[in-house]
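This chain uses plain numbering: 1 for the first residue, then up along the sequence.
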Amino acid sequence: MEQEPLDEQAEVPEMQTDLSDNEIIALYQELREESNEDEYFRDQALTIERTSKSITTEKIVSLQSYAYLNTQQKISLQILQNLILTGASLITKDRPSVYGVPANESLEATMYAKIATKFLEYLENEDSTANKYHQTAIWAATHGTGLMHVFYNPTTKRVESEPLTIFDAWLENRANPCDVSWAMIRQYIKPYEAKALLRGVDENAAAPPTTPYTDINGQSRTAVEKWIIYIKPGDRVKDGLYACIINNVVVEASKFPYVFAEADGETAKAILPLQWFNWRNNAGITLGTTFAKDCVSIQQAIDLLMTKQATDAIEARQLLILPASMKDKDFLDGERAILYYDAQQGEAPPAYASPAPLDPNVQSALKNFIDAMYMTSGISQSTTGDANANQSGKALAYQAELDATKHADAFRNFEDFQENIGENKLKIIQKFYKIEQQEKILGESAALFNSADLAGVTVKIERRSERDSTQA
């Protein structure tokens, strides 16, 4: 089979945008305004994040008529975080592998599909993809949506990815994910990094002012905001747009770079370099929801009851019962030390009275709330590791399978998410990777490919055990 000649540098077409800096800044401000539509969901997600990590900026002072000390900090029995981590592990523990599927049954198409599979497996190992998928699953379980930025880094000349939260990225609000036409990413960078980027457009630029912000862990920080904008080609911007903005200054701009040739060689497809998956889809909007939303109020109630129990135990006093004859007399050799006492006829000796028992109603309510937490989440106590000693291994496995069934939407969304990321990576390789990068991954003796060879290869997912058995 004769290999077509390759362009050694795999040059990307001229990408300079026709938009002026003022037009780009106007678009940026327009998108910032649009992004305010879903701030409700971010506020909700922030509450879940902080509740699941027992982060509080206020001291508990009272619970109905019960008075706490002003210095009393919240005491948490953290169940919500355990449920989130368990849910993320259920999603990722049998993560499917991605592989290339040939456009037809010819030897040439099959060869390129195998090349695509090798590239995808190489990138998964090189990019620590398994860890990033798990982090994204945790954020989806916590916030309702987890995101992955998959892009070509011209500095390192590699396909790279970074997991993002909904506090790092904004998407156009659409009922159909395929209709989402823009995305924005906010990064916090050091002043010297911002200065270096600004000097790319103005050699006399000074470091821009920092912005104070509170991170998702409740910590106050300062940094410079860097905004990355992606707009797919369309009615808003004919050729699309990629832009990097710092302090309202455009430091980088080009046409939308992620437009890829389709298998027919005549049409092209624009793909946002930002993929996301929802734990559960919200009807009519882009961002998703999660079981954790329904568990927040229960976790807060558990924390209040735990704090009450701890405070009751700490403040409980042992009262010393003394005979009346000892009133107003010095009889202690230091506090709670030796008691000097001459027994009087008929008098009972001094004694300590036991403190009042802890309120059994609090104990009962606490147990009810804990049971309600597991029932609401759809994840059983045995799946989280709190197994009943009387349950068999078979019963525990069945319970875990039942829990996974309750979260079937999350499983399906996560599989689509992986498939989309695999497709994105493959198309970026097809468009941007040069010959020397191919040789490094495939080996010098392997057949190399040009930009059109992978156009007909699609990406599918299949559990690794199933794939191995079908290819055996």
Side-chain angles (χ1 to χ4, degrees), residues 45 48-49 52 81-101 116-153 158-169 171 177 183 185 187 216 258 271-281 286-292 379 383-384 400 403-404 407-429 458-468:
I48 299 171
E49 177 76 33
S52 70
Q81 179 73 352
N82 189 21
L83 290 170
I84 287 170
L85 295 176
T86 301
S89 296
L90 283 174
I91 290 290
T92 58
K93 70 172 184 174
D94 291 323
R95 186 173 64 81
S97 61
V98 292
Y99 62 100
V101 176
T117 300
K118 189 168 184 178
F119 262 111
L120 291 170
E121 291 176 345
Y122 172 83
L123 289 175
E124 282 206 358
N125 293 328
E126 183 187 53
D127 198 37
S128 301
T129 301
N131 292 336
K132 293 178 180 179
Y133 276 144
H134 188 69
Q135 182 61 72
T136 307
I138 290 174
W139 282 336
T142 308
H143 307 144
T145 302
L147 305 99
M148 188 83 79
H149 184 202
V150 181
F151 60 100
Y152 178 74
N153 187 332
R158 294 174 182 272
V159 179
E160 296 183 2
S161 64
E162 57 177 342
L164 300 174
T165 72
I166 61 173
F167 307 107
D168 305 315
L171 298 161
I185 297 172
Q187 298 174 342
I216 60 175
Y258 300 105
I271 300 178
L272 283 174
L274 200 64
Q275 296 297 325
W276 63 96
F277 93 94
N278 298 332
W279 197 269
R280 292 202 304 261
N281 294 327
T286 303
L287 296 181
T289 186
T290 169
F291 66 87
I379 299 175
T383 302
T384 63
D403 290 344
H407 295 278
D409 286 349
F411 277 85
R412 283 192 291 269
N413 291 342
F414 185 63
E415 289 179 354
D416 290 343
F417 172 69
Q418 292 175 89
E419 197 169 275
N420 291 338
I421 287 177
E423 181 184 0
N424 278 23
K425 287 181 175 180
L426 191 59
K427 289 185 179 297
I428 291 173
I429 290 170
T458 58
V459 174
K460 295 295 182 183
I461 60 171
E462 190 173 44
R463 295 192 182 277
R464 207 171 285 274
S465 59
E466 294 173 350
R467 176 184 157 208
D468 291 344

Looking at every non-hydrogen atom in both residues, tell me the closest pair between [X] and [Y] and how far apart they are.
X: M148; Y: P163; value: SD-N, 3.6 Å
X: T290; Y: G144; value: CG2-N, 3.6 Å
X: T136; Y: G146; value: CG2-C, 3.5 Å
X: T142; Y: S52; value: CG2-OG, 4.4 Å
X: A137; Y: T92; value: CB-CG2, 3.8 Å
X: A141; Y: F291; value: CB-CE2, 4.2 Å

Interatomic distance, [X] atom [atom1] to [Y] atom [atom2] [nearest 0.5 angstrom]:
X: L83; Y: I379; atom1: CG; atom2: CD1; value: 5.5 Å
X: E121; Y: T129; atom1: CD; atom2: OG1; value: 11.5 Å
X: L426; Y: L120; atom1: CG; atom2: CG; value: 5.5 Å
X: I185; Y: L274; atom1: CD1; atom2: CG; value: 5.0 Å
X: K132; Y: E124; atom1: NZ; atom2: CD; value: 11.5 Å
X: I91; Y: H407; atom1: CD1; atom2: NE2; value: 8.0 Å

Whether F277 and F417 hold their rings parallel, tilted or perpendicular, with breakpoints at 30° and 60°: tilted

List for me each residue that meets side-chain hydrogen bond (donor to acceptor under 3.5 Å, both in side chains) alongside W276, sequence neighbours excluded, and say none if there are none. none

Quick one, T86 with T383, criterion side chain to side chain contact (heavy atoms under 4.5 Å, CB included). Give me CA distance, side-chain angles, the key distance, then yes/no. CA-CA 8 Å; T86 301; T383 302; 3.8 Å; yes

Heavy-atom check, side chain of L171 versus side chain of T145, under 4.5 Å: no

Under 4.5 Å between any side-chain heavy atoms of D409 and R412, yes or no? yes

Taking Y258 for the side chain and I428 for the main chain, is one N or O donor matched with an acceptor at less than 3.5 Å? no

T165: side chain to side chain contact (heavy atoms under 4.5 Å, CB included) partners, not counting sequence neighbours: W139, H143, F167, D168

Holding to side chain to side chain contact (heavy atoms under 4.5 Å, CB included), I want the full list of residues that pass it with N281, two or more places apart in sequence or in another chain. N278, N413

